Amino acid sequence: MRYLFLVYLLGTGTVVFGQTNSVTSGNWTDVSVWSTGTVPVNTTNTNVNHPLTIDQNITISTGNYVLNSNVTDVPGGTAYNLSVGAQGIFDVYGYVVFEGTASTTGGGPNFASITVRNGGTLVLGATTINNKSTILVEAGGTLIINGLLTIDDNQGSFTISGTLQVNGNVSIPQGNIQIDGTGDVFATGSIFSTGSSVIFGSTGDCDTGPCSGRNLCATFDNVIQSNQTICSGSVPALISNLDSDGVSGAAVYSWEQSTTSSSSGYSVIGSATGSTYQHPALTTTTWFRRVITDASCTGTSAPVQITVVPAGGWIGTTSNWHTASNWCSNSVPTATTDVVINSGVPFQPVISASAVCRNLTINSGASVTISGSNSFDIKGNLANNGTLTVNSSTISFTGSALQTISGTALNIFNNLTINNTSGLTPAVRVQGINNVAVSGVLTMTSGLIDLNGYNLTIGSSQHQRARSRIPQEDFMVVISRAGILMPSKESVQVVDFSRSAHRPITGRCGLVMQPLLQVAQSA
């Protein structure tokens with residue numbers, strides 16, 4: 001006999017008049033996520049306290065949106081947009097990603113407001129900052145723009161005390177924009193302003209990327225190249241001069257390094273006084289920048305990052321995971337290898353046959369692709385901060401100790417097998433910032449999953465509403481001496497498949513099923 005399990009949420013949320021709060025994880029448009037039973041609109045005061053998946057454009061006119069948790073667009077799906085209007089407030093404490101465009105627009109005496117708090121990260125597509133906008137990135141906050149940043153705001157406030165990273169050009173077409181703060185603006189392209197705009201006290205431009213907002217001396221350029229990925233203990237290549245037009249013979253050069261971040265923790269390298277620099281062997285990822293003082297201006301270049309990877313690090317001379325020379329250890333990963341995938345290498349890995357590793361870390365900007373229906377066995381932890389493309393593959397967690405699934409990216413699996421032999425409760429834990437989804441078969445062979453406040457979504461489409469019935473062959477969950485760990489406030493009801501209608505599984509820390517969960521008798 002086959003059964004359908006339905007899980008009901010028994011807990012309640014606190015409802016404040018004129019305000020809605022998230023009470024569970026899930027999709028933004030799911031009414032059960034919100035304390036008022038309705039999806040926030042452009043005038044709603046909204047507190048997000050649970051990880052949510054963006055599945056609609058978000059427009060704020062007079063609402064105050066406070067994002068205390070993580071809210072992310074599904075990679076590779078529909079790119080949703082953010083629009084903040086007059087009196088709209090968008091306040092980010094967590095990790096928030098919109099793959100679509102973003103814009104702000106003030107009106108009358110009112111200002112649109114976007115704030116990224118200490119420890120928060122906001123990722124947007126091409127962005128336009130229109131008139132009367134207040135933009136604040138606190139120290140320890142990060143605002144990332146993937147595309148053109150246009151600042152067309154000559155009455156607003158623009159304060160960067162953290163990091164503004166623009167993966168594209170920065171264009172300031174108005175004549176009196178002022179960017180202040182103790183942080184920095186980095187751009188992979190140019191930084192160009194019209195008229196008397198001032199960025200960190202400078203009025204110049206940077207016409208060749210990478211650019212820094214603290215490198216806008218009107219009389220000279222200061223651009224170095226380029227990012228590198230090396231194996232631990234190796235000597236990095238020479239950091240060379242890309243552009244220093246206008247520097248006089250009296251210019252003074254110095255170099256600084258940091259193992260903290262691209263914008264903090266720098267110290268002067270006393271012996272480095274030339275226009276280029278080569279560091280000895282490195283064992284720690286390090287950032288380098290060049291400082292040029294000429295006449296009355298000091299320009300600090302955008303930093304070069306030299307990423308140091310351990311023996312299991314990917315150096316990517318080709319895209320073939322199974323080629324030994326693509327790895328620092330000069331050997332293909334085994335069940336005891338801790339694999340680290342970084343961006344900035346010539347090729348990202350593609351798994352085209354069965355593969356295995358212990359821990360897998362995919363860093364921001366990096367990717368792992370599993371082609372076809374190949375299998376990938378993870379003996380340790382998965383930390384996905386980049387892109388994991390699974391196609392029709394099967395990923396298995398087969399460790400003998402507690403395993404974790406974490407990262408800033410939404411982990412979407414095709415087929416997922418849990419076969420952890422540790423005997424621990426739980427054996428696998430979801431942590432980090434995001435929910436987990438399985439679009440094909442979830443096979444529970446051994447070990448409990450602790451959802452830890454997140455949702456596990458199962459179904460053939462992450463964007464479809466639950467259907468009342470699906471054919472048995474659409475997908476199946478096979479459970480044998482294992483299960484899903486639920487909190488005590490969840491209840492379980494068994495419903496026979498012969499009934500004509502079934503509700504999806506939901507739960508504050510439980511499962512969101514799309515379209516339904518079918519449990520087959522195990523052998």
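Quantities reported herein were computed from a predicted structural model and do not represent experimental measurements.
- S133 and T104 get closest at one heavy-atom pair: OG-OG1, 2.6 Å.
- For L148, the side chain to side chain contact (heavy atoms under 4.5 Å, CB included) partners at least two apart in sequence or on another chain are T150, N169, S171.
- T163 and Q165 share no donor-acceptor pair across their side chains, judged by distance under 3.5 Å alone.
- One finds the CG atom of D377 at 9.0 Å from the OG atom of S354 (value rounded to the nearest 0.5 Å).
- Donor-acceptor pairing under 3.5 Å is lacking for the side chains of T387 and S367.
- Closest non-hydrogen pair, F376 versus I370, comes out as CB-CD1, 3.9 Å.
- Separation of the W321 and F347 ring centroids does not fall under the 6.0 Å cut-off.
- At least one donor-acceptor pair closer than 3.5 Å links the side chain of S392 to the backbone N or O of G372.
- Under the 3.5 Å distance criterion, with hydrogens and angles disregarded, a donor-acceptor pair is assigned to the side chains of T20 and T36.
- Taking CD1 from I378 and CD1 from I395, the interatomic distance works out to 5.5 Å, rounded to the nearest 0.5 Å.
- Using a 3.5 Å distance cut-off with no hydrogens or angles, the side chains of N68 and N49 do pair a donor with an acceptor.
- Residues L143 and L124 are in side-chain contact: their nearest non-hydrogen atoms beyond the backbone lie under 4.5 Å apart.
- Here the OG1-CD1 distance, from T29 to I58, works out to 10.0 Å after rounding to the nearest 0.5 Å.
- Of the possible polar contacts, none joining the S190 side chain to the F192 backbone as a donor-acceptor pair under 3.5 Å is found.
- To the nearest 0.5 Å, atom CG of residue L360 and atom CG of residue N384 are 7.5 Å apart.
- Remark: the H50 side chain and the S69 side chain contain no N/O donor-acceptor pair separated by less than 3.5 Å.
- Taking F158 as the reference, nothing meets the ring-ring contact (aromatic ring centres under 6.0 Å, His included) condition, with sequence neighbours excluded.
- A side-chain donor from one of S212 and D184 sits under 3.5 Å from a side-chain acceptor of the other.
- Side-chain contact of N385 with S364: a donor-acceptor pair under 3.5 Å is absent, judged by distance alone.
- A side-chain donor-acceptor contact under 3.5 Å links Q174 and D152.
- V71 pairs in a side-chain contact (heavy atoms from CB on, under 4.5 Å) with only one of the listed residues (I54, L122, T53), which is I54.
- Here the side chain of S422 pairs a donor or acceptor atom with the backbone of L424 at under 3.5 angstrom.
- Side-chain atoms of N420 and S446 include no donor-acceptor pair closer than 3.5 Å.
- With a 4.5 Å cut-off on side-chain heavy atoms, N411 and L382 count as touching.
- In the model, D153 has no side-chain atom that pairs as donor or acceptor with a side-chain atom of N130 under 3.5 Å.
- Paired with N146 under the rule side chain to side chain donor-acceptor pair (under 3.5 Å), one option of N167, T127, T188 passes, and it is N167.
- Under the 4.5 Å side-chain criterion, counting only non-hydrogen atoms from C-beta, V368 is not in contact with Q348.
- In this structure, N47 CG and N64 CG are separated by 7.5 Å, a value rounded to the nearest 0.5 Å.
- Between Y65 and W28, the ring planes are parallel. Angles under 30° get that label, and only those over 60° would be called perpendicular.
- Side-chain atoms of N415 come within 3.5 Å of backbone atoms of V441 as a donor-acceptor pair (strictly under, hydrogens ignored).
- With 3.5 Å as the limit, one finds no donor-acceptor pair spanning the side chains of T398 and N419.
- One N or O on the side chain of N414 and one on the backbone of S393 form a donor-acceptor pair closer than 3.5 Å.
- Distance check: N381 CG to L402 CG gives 7.0 Å after rounding to the nearest 0.5 Å.
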